[in-house]
Structure formats: C-alpha cells, structure tokens
Protein chains: 2
Amino acid sequence: MTIPDPHTVEAWTSLFRASQALLDGVESGLKAHGLPQLSWYDALLEIEKAGADGIRPFELKERLLLPQYGTSRLLDRVAKAGLITREDVETDGRGQIVRLTEKGRDTRKAMWPIYAGALITLIQSRISPSELAELNRLLHKITPARPKA
Amino acid sequence: MTIPDPHTVEAWTSLFRASQALLDGVESGLKAHGLPQLSWYDALLEIEKAGADGIRPFELKERLLLPQYGTSRLLDRVAKAGLITREDVETDGRGQIVRLTEKGRDTRKAMWPIYAGALITLIQSRISPSELAELNRLLHKITPARPKA
DNA sequence: GCCATGTAAATGCAACTGCATCTATTTGGA
DNA sequence: TCCAAATAGATGCAGTTGCATTTACATGGC
C-alpha cells in the first residue's frame, strides 16, 4: 500500500480547514443579520436567474449539485418562508414550476452584501489577485470536471 | 458597499467544491469498506497519540476544533462502538479520561489505507509536488492562525 | 466555611442530511 | 391499447448538528 506524501495530507487538512473557516465566517455573518443560510442564497439566485419562466426542481438540483431529496426539502423551507411559489405545470402532471416572490428577491438582495463582505474580508484582503488566480488554477486541477448533469 | 472581485467568488466556489469532492470521496470509500466516518478517524488518532495516559474530552475538543457538545456526542458514539473507554478521573470529579481500546486501535489502522488511498487518488495523482506546496502556501494565507486553543 | 463564579461534560429540542422507498405521472414499445 | 420502465417529486426514519440549558464539580475571595 502506497503511503501519501505528508504534503498531500497537509493539503487536504488546510483545504478542509480553509473551506470550513470560510463557510463559518459567511454563515455567522448571515445569522448575525437574521438572514437565512447560505444554501438558500444559491437557490434563490438560481431561481431568480430563471426569471418569469421559473425553474423546475429537477433543473435546480442539477445546477445546485444537490440530491433530489435535498432540493425538495430546501424548496419546502424556502416556500414556507414565502420566498418562492410552487405551482403545478400543465404539460407535465408530475412537475412543478418554482418562481421567486418579491420577498424572495428582497431576501436575496439583503444577503448579498453580507455574503460579499465576508468573502472580501476572508479571502480578498488576505491574498493578492495573482495568487488568487493561481489558487483557482490549482483547485481546478484537483476537482475533476463535474460529471455533466 | 464594496463588490468582490469575481475571482474571489470563484475561489470560494472552487474551494468549497474541492473540499466537498474530497470529503465525499474519502467518506464514500470508508463507507464502502464498512468503516466509520472520517470524523472518527481524527478522534481515534488523537486519542491514540495520547497513549496510556489517555486524554480529557476538553483537550480533545481543542485539538479537533469541535464544539463541546459535538465532542461529547462523538465520544458517545465511539464509546458505544467499543473503540474507547471513558473513566472518571479522581483528581477532578467533573472530568473523565478517554483511552483507546484494542478494537479502537484496529479500527483506526483499518481506516488509514482507505483514507490514504483516497487522498492519493484525489490529490496526489492530480497535482505535482511543487504545485502541492504552492497550494498549501496559498491556503495558509487564507486561513488565519488558529486562535490558540 | 460560604457563596459567586468558572469549568467539564451531558442533554432536550429543533433543524437538517442521508437513505430508501413511495406516489404519481409520463413514455416507449409490443 | 396496454404495460413495463423511466422520471418528478415527496416522505418516513435514523443519524447528526446547532443552540441553549442543565448538572456536577472546582476555585477564589470574603
């Protein structure tokens, strides 16, 4: 059995810690402002991008890389909070169309400065633009091409 | 409100995806072999390092960067699986000493090749040693010095 | 010695995730 | 047409996490 280079283990550790720290930072900022979780942001943004046409949950799950049940339940919560509407689609009795409400749009907008601020503080202020580009390049080497939704 | 550089957002996204992909890879490997979660590995390793003296839960929580209740419950599960012993300490009636059992040692040992193999496949085989070093350097810039346990 | 304060650890409750399964509907063939 | 297989989405259940609180013990000042 091959033993990994200590640098490999360290990379995994620092990668994990970094992403953990960033996530915590963003989430605690949102929570401190009484705003929903980060996962809601991505969903709201995708739904907002879909515009008046709305989006089907199965499309959403592909874009958010969430499991089907995760999407279903996330939509439950977001709908319960009044941020989206879900209505049946006539062309397919199994499906539904999700659309953002005004409140949903407002919520997403309110989340953005907090989210962005955290990223600036936690990333942008700590690393130079060229290093940032290099970091991106290296991370993309590690993460294989997403397996085509 | 300052707007973050798109590269910053992309770095956050790739960082998150990379760490998610690695975590999933390691976890699914362990699960496929009928082994416990990765979080158990770290705990078992720390406890093993403590040797015959054992370790106090509050020390463990500092080393693992876990919340107090998380540590308490992790130890519950690990103890229920027979991988550790917990006994009261005489010098401090509030505390306990955690020690690894033989079974705990065996389990940790069994986990390592799977864990290591996943790291080799997912990281080491995809990036050169010098790039790995650079990745480490960049990640350490982003993650601030841990706030001294 | 007594009490306020602090520290170690556990726990009730709500939220969330994973897994498997279920229901409803559509689709593609024989 | 009819039925097996596929697809969209929901859901029961167990496990896990976060938060707040609780229990138990220790310590320092008076």
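By convention in this document, chain letters (A, B, ...) are assigned in the order of the sequence lines, proteins followed by strands, and residues within each chain are numbered from 1. Quick note: numbers below take in every heavy atom, side chains included, and nothing from hydrogens, waters or symmetry partners. A quick note: this is a predicted structure, and the numbers were derived from the prediction, not measured.
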Mind checking if [X] touches a base, just sugar-phosphate, or nothing, with heavy atoms under 4.0 Å?
X       : answer
A/Gly70 : nothing
A/Gly93 : sugar-phosphate
B/Arg73 : base

Rounding to a whole Å, what distance do you find between [X]:[atom1] and [N]:[atom2]?
X       : N      : atom1 : atom2 : answer
A/Lys31 : C/dC16 : NZ    : C1'   : 12 Å
B/Glu62 : C/dA9  : CD    : C1'   : 14 Å
B/Tyr69 : C/dA14 : OH    : P     : 16 Å
B/Asp24 : C/dG18 : CG    : C1'   : 12 Å
B/Lys80 : C/dT11 : NZ    : P     : 10 Å

Closest-nucleotide 5' rank along DNA chain C - winner of A/Thr91 and A/Gln37
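Final value for this comparison: A/Gln37.
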Where along residues 54-61 of chain A does a heavy atom fall under 4.0 Å from DNA chain D?
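Within residues 54-61 of chain A, the residues near DNA chain D are A/Arg56, A/Pro57, A/Phe58.
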Check: A/Arg94 side chain, C/dT26 base, donor-acceptor under 3.5 Å:
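Not at all, since no donor on one side and acceptor on the other fall under 3.5 Å apart.
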With no angle test and no hydrogens, is the base of C/dA10 tied to the side chain of B/Gln68 by a donor-acceptor pair under 3.5 Å?
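Indeed, a donor on one side and an acceptor on the other fall under 3.5 Å apart.
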Side chains of [X] and [Y], heavy atoms from C-beta outward: is any pair under 4.5 Å?
X       : Y        : value
A/Gln96 : A/Glu87  : no
A/Leu15 : B/Leu15  : yes
B/Trp40 : B/Arg108 : no

Does a side-chain N-to-carboxylate-O contact under 4.0 Å join A/Arg86 and A/Asp76?
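Yes, charged N to carboxylate O under 4.0 Å.
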Would you mind checking if B/Asp42 and B/Arg63 are paired as a salt bridge, meaning a charged N to carboxylate O distance below 4.0 Å?
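Here B/Arg63 does not pair with B/Asp42 in a salt bridge, since their nearest N and O are not under 4.0 Å apart.
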With distance as the sole test, does A/Arg99 use its side chain to make a donor-acceptor pair with the main-chain N or O of A/Ala52 at under 3.5 Å?
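Such a contact is found between A/Arg99 side chain and A/Ala52 backbone.
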Of B/Asp92 and B/Pro67, the one whose closest DNA chain D nucleotide lies more 5':
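Final value for this comparison: B/Pro67.
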Before you tell me yes or no, could you show the steps for B/Arg137 and B/Glu134 under salt bridge (charged side-chain N to carboxylate O under 4.0 Å, His left out), namely the whole-Å CA-CA distance, both residues' side-chain angles and the distance that decides it to 0.1 Å?
CA-CA 5 Å; B/Arg137 190 182 71 80; B/Glu134 178 68 358; 3.1 Å; yes
Name the orientation class of the two ring planes belonging to A/Tyr115 and A/Trp112 (parallel below 30°, tilted from 30 to 60°, perpendicular beyond 60°).
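If you compare the ring of A/Tyr115 with that of A/Trp112, the planes turn out perpendicular.
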Going by the rule side-chain contact (heavy atoms from CB on, under 4.5 Å), which residues pair with A/Lys49 if we only count those two or more places apart in sequence or in a different chain?
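A/Lys49 satisfies side-chain contact (heavy atoms from CB on, under 4.5 Å) with A/Leu45, A/Glu46 only.
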Reading DNA chain D 5' to 3', which nucleotide is the first, and which the last, to come under 4.0 Å of any heavy atom in chain B?
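On DNA chain D, the outermost contacted nucleotides are D/dT16 to D/dA26.
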